[in-house]
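Source: prediction; values computed, not measured. Protein chains get the first letters and strands the later ones, always in sequence-line order, with residue 1 at the start of each.
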Amino acid sequence: MAQRIVIDPVTRIEGHAKITIHLDDAGEVTDARFHVTEFRGFEKFCEGRPLWEMPGITARICGICPVSHLLASAKAGDRASDGA
Amino acid sequence: MAGVKLATVWLGGCSGCHMSFLDLDEWLIELSERVELVYSPFADVKDYPAGVDVVLVEGAIANEDHLEMIRNVRDRSCILISFRDCAVTGNVTALRNPLGSAEPVLQRCYVEVADIHGQIPTEPGIVPPLLDRVIPVHTVVPVDVYLPGCPPSADRIRAVLEPLLAGEVPHLEGQQIKFG
């Protein structure tokens, strides 16, 4: 009998996710999916906000790797303002 | 109060507050002797257990899974701590609220800037629909203690947990209740 195995939640990761594994009648794996269940929309809500807010906001994309997001947005800001 | 059942829950946020919790460093050893961590993203427990004494809830309520989770957490916990600015005010997670609904952020990220197969993901029962407005924890369930900060420093987390472990009500003031 076809079956779906759900791993919920996936632990020890940054972000929220589930994994589904789909089995056919013979119990063989036919598909496996990684579902990202957390979504905040930085790509949209950052639009139109002051440039100087970006390092502080984008650092909150991920509490484990905030520095990489902070530096990337600072560099992007420098470039956009022709400073680098 | 040995054997206090402690849980930490992570809703719509960045996990920075959980990282701040790990910044408790050597006090974690002392804490581990006094509490039993029964549910947490740090552990591999899948279901939120009953009979939790203290729970730290990080993050805002942003989707339908969060709504179901926070109601379960409230039902099964004695003291619920609204842990960090996203839980207390909505903070960065709620920055999409002025757009009016979840649709503009989903459309932008999954369709307009998609390199291939642009479509908004749906998987009934698996991928929870986003709420149109991100809301703080206390608007859904009663909160016992507020612990602000983005993230709160390890000292501030300790200033809340220590009195609770001693059976006292924590009282934050001055620098300890600063947002950000």
Side-chain angles (χ1 to χ4, degrees), chain A residues 2-23 29-74 76 80, chain B residues 9-22 39-48 58-60 62-66 69 84-86 91-99 102-110 112-113 120-123 125-130 134 150-151 180:
Chain A
Q3 190 189 348
R4 183 177 76 176
I5 299 168
V6 180
I7 299 170
D8 173 26
V10 179
T11 48
R12 305 195 194 198
I13 57 164
E14 201 290 328
H16 295 62
K18 301 177 188 178
I19 291 171
T20 53
I21 302 164
H22 302 257
L23 309 178
V29 174
T30 55
D31 198 6
R33 293 181 181 179
F34 179 79
H35 307 269
V36 177
T37 56
E38 173 76 17
F39 181 74
R40 286 174 292 163
F42 284 80
E43 297 89 334
K44 180 67 182 174
F45 67 61
C46 284
E47 290 175 358
R49 297 193 74 93
L51 185 68
W52 53 264
E53 287 185 357
M54 289 304 109
I57 291 178
T58 59
R60 270 71 180 179
I61 290 172
C62 171
I64 295 169
C65 60
V67 177
S68 53
H69 295 287
L70 187 152
L71 286 177
S73 76
Chain B
V9 170
W10 176 19
L11 305 174
C14 75
S15 85
C17 299
H18 274 79
M19 294 301 107
S20 211
F21 181 87
L22 293 180
Y39 182 90
S40 171
F42 300 136
D44 288 325
V45 183
K46 299 298 181 196
D47 297 311
Y48 194 86
E58 168 181 348
N63 67 37
E64 290 188 0
D65 274 7
H66 295 156
M69 182 70 187
R84 81 171 264 184
D85 290 353
C86 288
N91 198 32
V92 171
T93 309
L95 282 180
R96 68 171 167 85
N97 284 355
L99 298 167
E103 201 275 338
V105 284
L106 289 167
Q107 188 69 24
R108 180 77 176 138
C109 302
Y110 282 103
E112 292 168 20
V113 299
I120 293 174
T122 55
E123 184 75 30
I126 298 289
V127 177
L130 294 182
V134 175
C150 184

Write down the atom of [X], the atom of [Y], and the distance for their closest heavy-atom approach.
X       : Y      : result
E38(A)  : L11(B) : OE1-O, 3.8 Å
C109(B) : G41(A) : SG-CA, 4.2 Å
P41(B)  : T11(A) : O-CB, 4.1 Å
V92(B)  : F45(A) : O-CZ, 3.8 Å

Exercise. Which one, A59(A), C46(A), G15(A), A17(A), leads in non-hydrogen pairs under 4.5 Å with chain B?
Worked result: G15(A)

With a 4.5 angstrom heavy-atom cut-off, is it the side chain or the backbone of [X] that approaches chain B, or both, or neither?
X      : value
P66(A) : neither
I13(A) : backbone
I61(A) : backbone
T20(A) : side chain

For this session: Name the option with the most non-hydrogen atom pairs under 4.5 Å to chain A; the candidates are S20(B), G13(B), G12(B).
Result: G13(B)

For this session: Count the heavy-atom pairs under 4.5 Å between each of R108(B), M19(B), R96(B) and chain A, then report the option with the highest count.
Result: R108(B)

Could you look at [X] and say if it's the side chain, the backbone, both or neither that has a heavy atom under 4.5 Å from chain A?
X       : answer
I126(B) : both
P104(B) : both
D44(B)  : both
A43(B)  : backbone

Reported [atom1]-to-[atom2] distance for the pair [X] and [Y], which is rounded to 0.5 angstrom:
X       : Y      : atom1 : atom2 : answer
L99(B)  : E47(A) : CG    : CD    : 9.0 Å
L106(B) : F39(A) : CG    : CZ    : 5.0 Å
Y110(B) : E43(A) : OH    : CD    : 8.5 Å

Exercise. Is the H66(B) ring parallel, tilted or perpendicular to the H16(A) ring (thresholds 30°, 60°)?
Worked result: perpendicular

Exercise. Taking side chain as C-beta onward, heavy atoms only, is L95(B) less than 4.5 Å from R40(A)?
Worked result: no

For this session: Applying side-chain hydrogen bond (donor to acceptor under 3.5 Å, both in side chains), name anything that partners E123(B), two or more places apart in sequence or on another chain.
Result: R33(A)

Exercise. Between D85(B) and R60(A), is there a salt bridge with N-O shorter than 4.0 Å?
Worked result: no

